[in-house]
Structure formats: structure tokens, C-alpha cells
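Beneath this line is the structure, given in C-alpha cells, with notes to follow.
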2 protein chains.
Amino acid sequence: MTTNASRVLAHPSRDEIRVEGVLHALADPIRLRIVLQLAAAADEQACSHFDLPVSKSTTTHHFRVLRENGVITQFYRGTAKLSCVRTEDLDALFPGLLDSVLRGADLQARRLGGADASSVALSGTAAGRVEQP
Amino acid sequence: MTTNASRVLAHPSRDEIRVEGVLHALADPIRLRIVLQLAAAADEQACSHFDLPVSKSTTTHHFRVLRENGVITQFYRGTAKLSCVRTEDLDALFPGLLDSVLRGADLQARRLGGADASSVALSGTAAGRVEQP
DNA sequence: TCCATTGTACGAGAGTCGTCGTAGTTTTAT
DNA sequence: ATAAAACTACGACGACTCTCGTACAATGGA
């Protein structure tokens with residue numbers, strides 16, 4: 001089986017998403033980094049594709065915070081757990097919020113770290129590719 | 001004297017403001033409410049003009065968090081301490097972020113509470129007047 | 001001068017958060 | 001059947017957050 005019914009993840013419905021929750025979820029450097037990379041990658045990515053400076057359990061924790069606050073969707077495919085940003089829901093509820101946060105984080109990364117960036121910026125392949133024409 | 005040198009408050013410079021810090025400051029319902037009211041009021045307001053469901057010391061705490069994260073400026077005038085949003089700095093650093101957060105909070109308040117709103121919405125005079133043409 | 005107003009400092013308590021390691025589950029591949 | 005890969009659950013720890021009350025400081029007016 002590709003998607004097992006016993007492994008369904010709980011997500012808040014669109015109506016249950018709160019702006020405080022979204023802001024809280026995005027207020028952590030590691031989570032912001034995750035969302036930045038997720039948004040840059042267009043399609044879904046597995047948790048294991050992220051090179052984060054924390055342990056595996058902590059990574060799980062951060063992904064759960066993002067999911068429970070309505071920032072990302074997650075589903076299983078095989079042993080992997082794929083994630084993507086809930087762009088449509090967030091844009092409908094809080095127009096422009098996600099974009100300005102991502103853009104602000106990107107501007108800050110450029111401003112602070114230059115090329116390789118620092119705390120919030122991406123480390124891997126898709127580094128810093130947000131709204132860059 | 002109107003402004004006493006012994007009562008100067010420390011503010012982060014524009015360069016020291018971090019997007020994570022701003023998001024964290026705005027992620028609390030009470031602080032979001034403060035900023036919403038402050039933004040609606042155009043000019044500065046004293047802390048005592050806010051009718052918050054917490055004690056005086058807690059109010060002091062929340063205003064300090066907002067100031068230390070670069071969201072508001074504060075200065076003394078007589079016994080009062082006036083605050084206003086650092087709109088210019090925030091817009092320069094993170095274009096559109098403040099506006100979309102305030103607008104999102106306002107939309108949420110309408111959506112959830114109807115007229116009088118609930119957790120985040122304003123209680124007093126300037127209730128819900130954000131970007132409403 | 002004395003007092004009312006406004007806000008601060010400090011300490012404390014309850015709760016949440018970010019982090020970890022270890023042990024376990026689910027799936028896929030051999 | 002066995003092993004490897006990917007992720008989770010649980011308990012723990014320290015740090016931070018939100019809250020409060022009490023005691024204190026600065027200002028402005030009677």
C-alpha cells in the first residue's frame with residue numbers, strides 16, 4: 001500500500017488556523033528555515049531532505065508545530081513523510097502574510113550573511129531563492 | 001523637565017531588528033491587540049490608554065517585549081509612557097509584513113467574533129479600523 | 001510639601017518550549 | 001525472514017514565558 005489509513009496525520013481545517021499560531025510557528029529560526037526551503041521547492045519534500053542543525057526528534061517536533069498551526073500539510077509516502085506549505089489556505093486567510101514573511105526572511109539573510117547567510121538562511125541547494133527575478 | 005535623561009529607554013537599532021523577533025513579539029494575542037490599537041491610532045498612545053485583561057506589571061512586560069524586538073518605540077512624557085509602532089523601520093526591513101499581519105488579524109477578528117470580536121480584536125474606541133476603505 | 005498618577009523592579013509560580021537520547025513502528029528492499 | 005531507512009513516542013532537562021503581587025521611583029499638580 002502506498003498510503004496507509006492507520007497513518008493519517010491530523011491537520012487543522014482552514015477555519016481553525018489562527019494568525020497567532022502561524023506567527024508563533026514562523027517565529028523559530030529552524031522552522032522559518034524549513035518553510036523557506038519548502039516554499040522555494042515548489043513541490044513537496046521529505047523531512048530527510050532537510051539538513052538541520054538539530055537531532056531527528058527535534059526535527060519531528062518542529063514539523064509537527066508547523067503542521068498543527070496550519071502552516072504545512074504532511075502525508076506519508078512509503079517510509080518518507082512529505083511536507084508542503086498550505087499556500088492556498090494561508091493566502092485566503094491572511095493575504096500577503098506568508099509572502100512578506102518569506103521575503104523579509106530572505107532580505108534579512110542577504111543583509112546579515114551575504115552569500116552563505118546565517119541563522120535563517122538555507123544551507124543546501126535551493127539557498128535563498130525566494131522571489132528573485 | 002519634559003524628557004528626563006535618566007529615563008531613556010533602550011531600543012534596538014534598525015539593523016538589529018530580526019524577523020524572528022518581530023514574529024515572536026506579534027505572536028502573542030495581547031501584544032497583537034496592542035499593536036493593532038497602536039496602528040489604528042495614528043499617533044502615539046500611553047500604556048494606560050489600553051484596556052487589557054492583565055495586570056499592570058504584565059502590561060509593562062508586553063510593552064517591553066514589543067520594544068525590545070523593534071516593533072514599537074517608547075518614550076516618557078511626564079508620568080506617562082507613550083508608544084508608537086516603528087512603521088518606517090519595519091517597512092524598510094520587511095516590506096508588507098506589518099500590514100499583512102495587522103490585516104490578517106483584523107480579518108480573523110471579523111471572521112470569528114463578528115461585531116465585538118474576541119481574543120485579538122480591540123475592545124475600545126478604534127475597534128477594527130484597519131485598512132477598511 | 002504632600003499626594004495622586006503612572007509606570008518599574010523584583011521575586012515567584014505555573015506553564016510552555018526547544019532540545020536530546022533511547023526505544024519503538026511502519027514500510028521497502030534484499 | 002531479515003535488515004535497512006525514515007520517522008515517532010516518551011521521558012527528561014534547562015531555559016524561557018506569562019502571570020501576578022508588592023514595593024518602589026519619577027513626575028506633576030494641589
Round to a whole Å and report the spacing from [atom1] of [X] to [atom2] of [N].
X	N	atom1	atom2	result
B:Leu82	C:dT6	CG	C1'	11 Å
A:Glu20	D:dT17	CD	C1'	16 Å
A:Tyr76	C:dT26	OH	P	10 Å
B:Leu52	C:dT6	CG	C1'	15 Å
A:Gln45	D:dC7	CD	C1'	17 Å
B:Leu32	D:dT17	CG	C1'	17 Å
B:His49	C:dT6	NE2	C1'	11 Å
B:Leu9	D:dA25	CG	P	18 Å

Can you name the residues that form a side-chain hydrogen bond (donor to acceptor under 3.5 Å, both in side chains) with [X], not counting sequence neighbours?
X	answer
B:Ser57	none
A:His61	none
B:Ser55	B:Thr58
A:Glu44	A:Arg77

(message) Going by the rule side-chain contact (heavy atoms from CB on, under 4.5 Å), which residues pair with B:Glu16 if we only count those two or more places apart in sequence or in a different chain?
(response) B:Pro12, B:Ser13
(request) Return the minimal non-hydrogen interatomic distance between B:Arg7 and B:Thr79, and the atom names on each side. (result) NH2-CA, 4.4 Å
(message) Assess the residue pair B:Arg67 and B:Ser83 against the criterion (side-chain contact (heavy atoms from CB on, under 4.5 Å)); give the C-alpha distance rounded to whole Å, side-chain angles, the decisive distance to 0.1 Å, and a yes or no.
(response) CA-CA 9 Å; B:Arg67 189 186 71 243; B:Ser83 306; over 6 Å; no
(message) From C-beta outward on B:Arg64, which listed nucleotide comes closest to its side chain: C:dA9, C:dT8, D:dA26?
(response) C:dA9
(message) Checking contacts here: which listed nucleotide (D:dC7, D:dT27, C:dT28) is nearest the side-chain heavy atoms of B:Arg7?
(response) D:dT27
Name the pairs: protein N/O against N/O of nucleotides 13-15 of chain D, kept only if under 3.5 Å.
none

(request) Please give the angle, rounded to 10 degrees, between the axes at the start and the end of the helix from C:dT1-D:dA30 to C:dT30-D:dA1, where five pairs define each axis. (result)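 Axis-to-axis angle, ends of the helix: 10°.
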(message) Return the CD1 to OG1 distance between A:Ile72 and A:Thr87, rounded to the nearest 0.5 Å.
(response)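 Interatomic distance, A:Ile72 CD1 to A:Thr87 OG1, rounded to 0.5 Å: 11.5 Å.
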Check nucleotides 18-22 of chain D against the protein and report each pair of N or O atoms closer than 3.5 Å, with its distance, or say if there are none.
{"unit_1": "D:dC18", "atom_1": "OP1", "unit_2": "B:Arg31", "atom_2": "NH2", "d": "3.1"}
{"unit_1": "D:dC18", "atom_1": "OP2", "unit_2": "B:Arg31", "atom_2": "NH1", "d": "3.1"}
{"unit_1": "D:dC18", "atom_1": "OP2", "unit_2": "B:His61", "atom_2": "NE2", "d": "3.3"}
{"unit_1": "D:dT19", "atom_1": "OP2", "unit_2": "B:His62", "atom_2": "NE2", "d": "2.3"}
{"unit_1": "D:dC20", "atom_1": "OP2", "unit_2": "B:Ser55", "atom_2": "N", "d": "2.6"}
{"unit_1": "D:dC20", "atom_1": "OP2", "unit_2": "B:Ser55", "atom_2": "OG", "d": "3.2"}
{"unit_1": "D:dC20", "atom_1": "OP2", "unit_2": "B:Thr58", "atom_2": "OG1", "d": "2.8"}
{"unit_1": "D:dG21", "atom_1": "N7", "unit_2": "B:Ser57", "atom_2": "OG", "d": "3.1"}
{"unit_1": "D:dG21", "atom_1": "O6", "unit_2": "B:Ser57", "atom_2": "OG", "d": "2.9"}

(message) Filter on ring-ring contact (aromatic ring centres under 6.0 Å, His included), then keep only pairs touching residues 12-57 of chain B, sequence neighbours left out; what's left?
(response)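 Of all non-adjacent pairs touching residues 12-57 of chain B, those that pass ring-ring contact (aromatic ring centres under 6.0 Å, His included) are B:Phe50-B:Phe63.
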(message) With salt bridge (Lys or Arg N to Asp or Glu O under 4.0 Å) as the rule and sequence neighbours excluded, what pairs involving residues 78-88 of chain B come up?
(response)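 Matches after skipping sequence neighbours: B:Arg86-B:Asp89.
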(request) Check whether any side-chain heavy atom of B:Val35 lies under 4.5 Å from a side-chain heavy atom of B:Leu102, and answer yes or no. (result)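 Yes, side chains in contact.
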